[in-house]
2 protein chains.
Amino acid sequence: MAAGARRGSPLTPEEIYATALRLVNEGGVEALSMRKLAAALDVNPMSLYHHVESKTALIDQICLTMAERLEIPVMDGAPWQERLRALGHAYRRLATTYPALWSYVHTHPELVAAREGGLWDVFLPILRAAGVPEDELLRTADVLHAFVTGLLINQQNGHIGSDRSPEAMDRMFETAIDLILDGLTARHSPAGRAGGGAADEARPAAPR
Amino acid sequence: MAAGARRGSPLTPEEIYATALRLVNEGGVEALSMRKLAAALDVNPMSLYHHVESKTALIDQICLTMAERLEIPVMDGAPWQERLRALGHAYRRLATTYPALWSYVHTHPELVAAREGGLWDVFLPILRAAGVPEDELLRTADVLHAFVTGLLINQQNGHIGSDRSPEAMDRMFETAIDLILDGLTARHSPAGRAGGGAADEARPAAPR
DNA sequence: ACCTGAACACCGTTCAAGT
DNA sequence: ACCTGAACACCGTTCAAGT
């Protein structure tokens, strides 16, 4: 067992990324070590350094592959309320699919490179449709993105609410979207409240 | 140099916590190691374990001492909008005083113990004054707390906005509070928009 | 009671040596 | 070209031994 101690193939980067992503998803980013990753791949730890520059670069890479998996809904005809809600749900789906790595990305400044690419191309037009003036657009987008990010981080950490059933989480997310829709409407198109429809219909009735 | 290799006193827990907090503030939580901490205290690494159960317990403790330093403003007579804004600013001040540890607390589920104690005693009455019905109170509080948390985490990580000047950060935080105030008003006391005053007066005029 | 050295089981990474 | 063992500088923590 000299050149080919490993079973079969010659260790592709894709294989490394996939296994690393699995380890992180199972045990958090702190559960990923080069030595454990090598063990999971049935390989000498040092072999990894032939395909990956460093542990940091590896984490960067799997953050990127995660970001690419954001499935942005296309709803060209729909009113902005529906589109914003759908975008929020898509974003939430990514976060719950990769809870550990997603939280990690959003709390580590050095990973700005992994900003969700296509997200803003869809997000900004929605805010324009909501009546946000151009000179407030970027700031509003940043704030709303931070709001949703914060909610998702808190939900994943169980830092929130006594009731942590999936239904309660869903309700809380809807409450958050509702608050955002109402805030946007009140600030930027107060006349349109009755006519919009989507926001009011989708808001779950409060049990009384 | 046997019993008293260390200069002077017999190593109090307070001294340990203070130094640990300083190290974390200077280099992030990942820069805190028992060995470095011992070096900073001019002590043998193993001596620490006589005063502290483990590194985890130590971090728990300094999170608690940070949480205790939240200076909650008392503004009993003021309208809820002003009180909410002041509370937001107090919270932000804590976050910016301990950026690394604050982010750490809010992304580590096991530290729920460090939830800001008196915060909720002030927060919930404000939301009641804003007209949030009792059966939505906790959920709304959680959502708003998560919103602000998300904004602060993002601001500290530079994950937000191209302009990172202090003024731009301030503006963004005000935008966030404004959005929250407008959302609350629209949802729970739509008639009171003109009369409230505080929210509208405090909102900075958009440069046109 | 308080401290400490050696030791154990982990890390990430370098580098010279192997095929 | 690709892999690898030994080694280095770090970790947190245990434990028996010191004063």
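Just the heavy atoms: all of them, side chains too, but no hydrogens, waters or symmetry mates, feed the values below. Everything numeric in this text was worked out from a predicted model, so none of it was measured.
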In whole angstrom, what separates B/K55's NZ from C/dC10's C1'?
-> 13 Å
Rounded to the nearest 0.5 Å, what's the gap from NE2 on A/H106 to CG on A/L152? Could you check?
-> 8.5 Å
For the residue pair B/W120 and B/F123, categorise the inter-ring angle as parallel (less than 30°), tilted (30 to 60°) or perpendicular (more than 60°).
-> tilted
Could you state the atom-to-atom distance from CE of A/M46 to P of C/dG12 in whole Å?
-> 9 Å
Given C/dC2, is OP1 or OP2 found less than 4.0 Å from the side-chain N or O atoms of B/H51?
-> no
Between C1' of D/dC11 and NZ of A/K36, the distance in whole Å | 13 Å
Within the structure shown, what part of the strands sits under 4.0 Å from B/L58 by heavy-atom distance: base, sugar-phosphate, or nothing?
-> nothing
Protein-nucleotide distance (B/R35, atom CZ; D/dC10, atom P), rounded to Å = 10 Å
Looking at B/R22 and B/E26, does any basic side-chain N land under 4.0 Å from a carboxylate oxygen?
-> yes
B/Y49, nearest nucleotide to its side chain (from D/dT13, C/dG12, D/dC3) = D/dT13
What is the distance from CD of B/E30 to P of D/dC11, rounded to the nearest Å?
-> 13 Å
Using salt bridge (Lys or Arg N to Asp or Glu O under 4.0 Å) as the criterion, list what pairs up with A/R83, not counting sequence neighbours.
-> none
Measure from CG on A/N44 to C1' on C/dA16 and round the result to the nearest Å.
-> 14 Å
Determine the interplanar angle of the A/H89 and A/F173 rings, folded into 0 to 90°, and report it as parallel if under 30°, tilted if 30 to 60°, perpendicular if over 60°.
-> tilted
Nucleotide-level pairing of DNA chain D, given in dot-bracket where Watson-Crick and G-U pairs need both distances under 3.5 Å and | marks other strands = ||.|||||...|||||.||
What's the CG-P distance between A/L32 and C/dC10, to the nearest Å?
-> 16 Å
Interatomic distance, NE2@A/H108 vs CD@B/E30, rounded to 0.5 Å, equals 6.5 Å
Which of C/dC11, C/dT4, D/dG12 is nearest the side chain of B/S33? It is D/dG12
Base of D/dC2 paired with side chain of A/H50 (donor-acceptor, under 3.5 Å) = no
